[in-house]
Each structure stands twice: as C-alpha cells, then as structure tokens.
There are 2 protein chains.
Amino acid sequence: MTSPVRGDLFDPECPTRRLLDRIGTKWTSMVVKVLAEAAPHEVRFAELRRRIPGVSQKMLSVTLHSLVRDGLAVRRVEPTVPPRVHYRLTELGLSLEVPLAALRIWAEEHMARIDHANAISDAGSAAGG
Amino acid sequence: MTSPVRGDLFDPECPTRRLLDRIGTKWTSMVVKVLAEAAPHEVRFAELRRRIPGVSQKMLSVTLHSLVRDGLAVRRVEPTVPPRVHYRLTELGLSLEVPLAALRIWAEEHMARIDHANAISDAGSAAGG
DNA sequence: CCGGATCCGGGGCGATACTG
DNA sequence: CAGTATCGCCCCGGATCCGG
C-alpha cells in the first residue's frame, strides 16, 4: 500500500509547503483570526473589512473565496437588495486556528528578538563596510 | 517603554504577519526542519542541499542568510580551501520549531480535506457552468 | 452592499555564469 | 565548496471601473 505522507515532507507536494502557501498570503491569517473570534457567529463582509485595517475589498473577497474553496469557511448570501453576505469558519477552519494561534503567540513573544538580531546585523555590516 | 504588542495584531507591523512573511518563503520551513532534526549538531551547506530536493544553491544560500540575519541560525566557516560552511539553529530558532511542528502535524492530518474541498468546488463549478 | 474584470508594479524564485 | 550578480518569469496584491 502507499504509505501516508509522514515521511514525505520534502515531496514537491509537501503538505506543509502547500499549507504555508495558503496561510502565507497576506490577509488569510487575519481573516481566520477574526472569524475564529466571532465563531460560532457569522460575520458580514463589511464588518470583516472594518475589522481588518488596510485590506482592500478585492483582496478581502479573494481571500474569503479561497477559504471557502478550501473548505475552511462557508459563505451565506441573503438575496436582498442590496445583498448581505456572511461568512463563518467551518469545523476544519476552526481546527486550523489552533496551530495558527500558537504561531501568533510565538510571534508576539519573539519577533522583537528577530528585530533586534536584524538591527545588530545592520549595525555590524555598516561598521564593517 | 511602549507597551507590548498584545492587542496590535492588525497593526501594519503585526508580528504574526511579519513572521509569516519569513516562514512563508518557499524553503525556510524545510531548512528549519532539517536543522532542527540535526540539532544540536551542525549541518554543512552541501548536506542541507542534499537533504532538500529541488532547492537551488542560490535560494538555499539566501534562505540561510535570512535565518542568520534573523538570529534563528548561526553560520560557522572553516577557513580551509575549499571552505566548509556549517549551520545550526540558535535557541530562538529551535523555539520556532515548536509551533512550526504543530503546523506540520495539522497539514499532514488535514490537507487531504482541503484538497477534497477543492475537488468538490471544481466539480461543482464545472457542472454548474 | 458585494465582488468580478482589468491594468500595473514589485518581489520571490529559478537558471546561469562567475569569483575565491 | 560556497556565495554573488544578472536576467527573466510569474503571481500577489493594490487601484479603478463596472455589474448585480
């Protein structure tokens, strides 16, 4: 039988790589976070836009549709005029929030050290040059 | 001192976003994994290259220097001819491996469901079109 | 109110060639 | 063996316009 993906992390189809391709897109992690905080309630498109400063309506739309396509979120349209569109995470999307939250914690605790290391590196190359 | 970044996750300088910009680059997560598995031993450049199929020497070099610059790895050169360059993770780099491993586990367990959702979506739009 | 279509710029990433 | 410089492709992501 074919073995599970356990040992194939360096396969071109490496699941980790493909996951990072998704959550690495600029707005995905923020959208997931907002939806996760609101769960199990839905969030309207306009509300998401307000909660994520800087996101354009295009990229928010693209990001949300990617999440839906990946089965991480669901979309519900009220066929009114004007339309109202709501999003919420699926169970799968909520499960992704767990490791994503761990990553956020790490970032909050350690990014300052990365910044510091960069500053040292800059100063060192400036002095050395 | 200014307060920590706890509440500023949607700041333009959002630490999570900046962390994802780093580990989201194509080869970083793989390099970190290989170095983490080898820890506390060093790994030579050529050995890394062999262990990461598909990586070009340029991109491996760029990725490693980024890790060093961020304080996640250290570089040691044996001034021989030809030179031998060794890398290992710092304590900071090793700590990053923890949430990264959680992400890998999630990917291994759930990416198939994402693929399935994509297949459904493709079939649906094909049938609907 | 929502989001698709189009145009455009920037940067990641790969291939290749060259240095020490 | 390790790293750098150059070129080119591709796609993310922003601005704008248009359609339901």
Side-chain angles (χ1 to χ4, degrees), chain A residues 10 12 14 17-32 34-35 42-70 73-88 121 125 128-129, chain B residues 10 12 14 17-32 34-35 42-70 73-88 121 125 128-129:
Chain A
F10 300 125
C14 167
R17 179 91 289 292
R18 304 198 302 115
L19 175 60
L20 283 169
D21 282 343
R22 290 155 202 271
I23 66 177
T25 60
K26 188 164 183 180
W27 302 105
T28 301
S29 64
M30 296 189 188
V31 171
V32 170
V34 170
L35 289 178
E42 299 176 317
V43 184
R44 285 193 58 183
F45 183 90
E47 176 66 15
L48 281 164
R49 202 178 167 189
R50 226 172 310 126
R51 303 261 280 265
I52 305 177
V55 72
S56 67
Q57 108 230 69
K58 170 194 166 181
M59 289 316 297
L60 180 55
S61 181
V62 168
T63 302
L64 285 165
H65 284 293
S66 294
L67 289 176
V68 170
R69 181 184 167 81
D70 287 339
V74 290
R75 179 177 186 267
R76 183 175 67 83
V77 184
E78 288 185 54
T80 57
V81 175
R84 290 196 279 184
V85 185
H86 307 257
Y87 294 89
R88 65 173 174 80
S121 183
S125 56
Chain B
F10 299 127
C14 167
R17 179 92 287 291
R18 303 198 304 114
L19 175 61
L20 283 169
D21 283 343
R22 289 155 203 271
I23 67 177
T25 60
K26 187 164 183 179
W27 303 103
T28 301
S29 64
M30 295 188 190
V31 172
V32 170
V34 170
L35 289 178
E42 299 175 319
V43 184
R44 286 192 57 183
F45 184 90
E47 176 65 16
L48 281 164
R49 202 178 168 189
R50 227 172 309 127
R51 302 260 279 266
I52 305 177
V55 71
S56 66
Q57 109 229 78
K58 170 194 166 181
M59 288 317 298
L60 181 56
S61 181
V62 168
T63 302
L64 285 165
H65 284 296
S66 294
L67 289 176
V68 171
R69 182 182 166 79
D70 287 340
V74 290
R75 179 177 185 268
R76 184 175 67 84
V77 184
E78 286 184 54
T80 57
V81 174
R84 289 197 279 184
V85 186
H86 307 256
Y87 294 90
R88 65 171 173 81
S121 183
S125 55

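In what follows, chains carry the letters A, B, and so on, assigned in the order in which the sequence lines appear, proteins first and then strands, with residues in each chain numbered from 1.
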Next on the checklist: I want to verify a distance call: between dG14(C), dT4(D), dA5(C), whose nearest atom is closest to the Q57(B) side chain?
Outcome noted: dT4(D)
Item to check | Minimum-distance nucleotide to R44(A) side chain [options: dC1(C), dG14(D), dC13(C)] | outcome: dC1(C)
Item to check | Nearest to side-chain heavy atoms of R75(B), which nucleotide of dC13(C), dA2(D), dG4(C) | outcome: dA2(D)
Checklist outcome for this item: Testing dG13(D), dG3(C), dA2(D) for proximity to the side chain of A46(B), the answer is dA2(D)
Checklist outcome for this item: Considering only heavy side-chain atoms of F45(A), the closest of dC2(C), dG4(C), dA15(D) is dC2(C)
Checklist entry - Roughly, in whole Å, what's the span from CG in L20(B) to P in dG13(D)? => result 11 Å
Next on the checklist: If you only use heavy atoms from C-beta on, which nucleotide in dC13(C), dG3(C), dG14(D) is closest to the side chain of H65(A)?
Outcome noted: dG3(C)
Item to check | N/O donor-acceptor pair under 3.5 Å between R88(A) side chain and L35(A) backbone | outcome: no
Checklist outcome for this item: Judged by nearest nucleotide, the residue sitting upstream toward the 5' end of DNA chain D, V62(B) or G24(A), is V62(B)
Checklist entry - So, the side chain of S61(B) versus the backbone of Q57(B): is there a donor-acceptor pair under 3.5 Å, distance only? => result no
Item to check | Contact residues, residues 76-85 of chain A to DNA chain C [heavy atom, < 4.0 Å] | outcome: P82(A), P83(A), V85(A)
Next on the checklist: Parallel, tilted or perpendicular: which one describes the rings of F45(A) and Y87(A), with boundaries at 30° and 60°?
Outcome noted: tilted
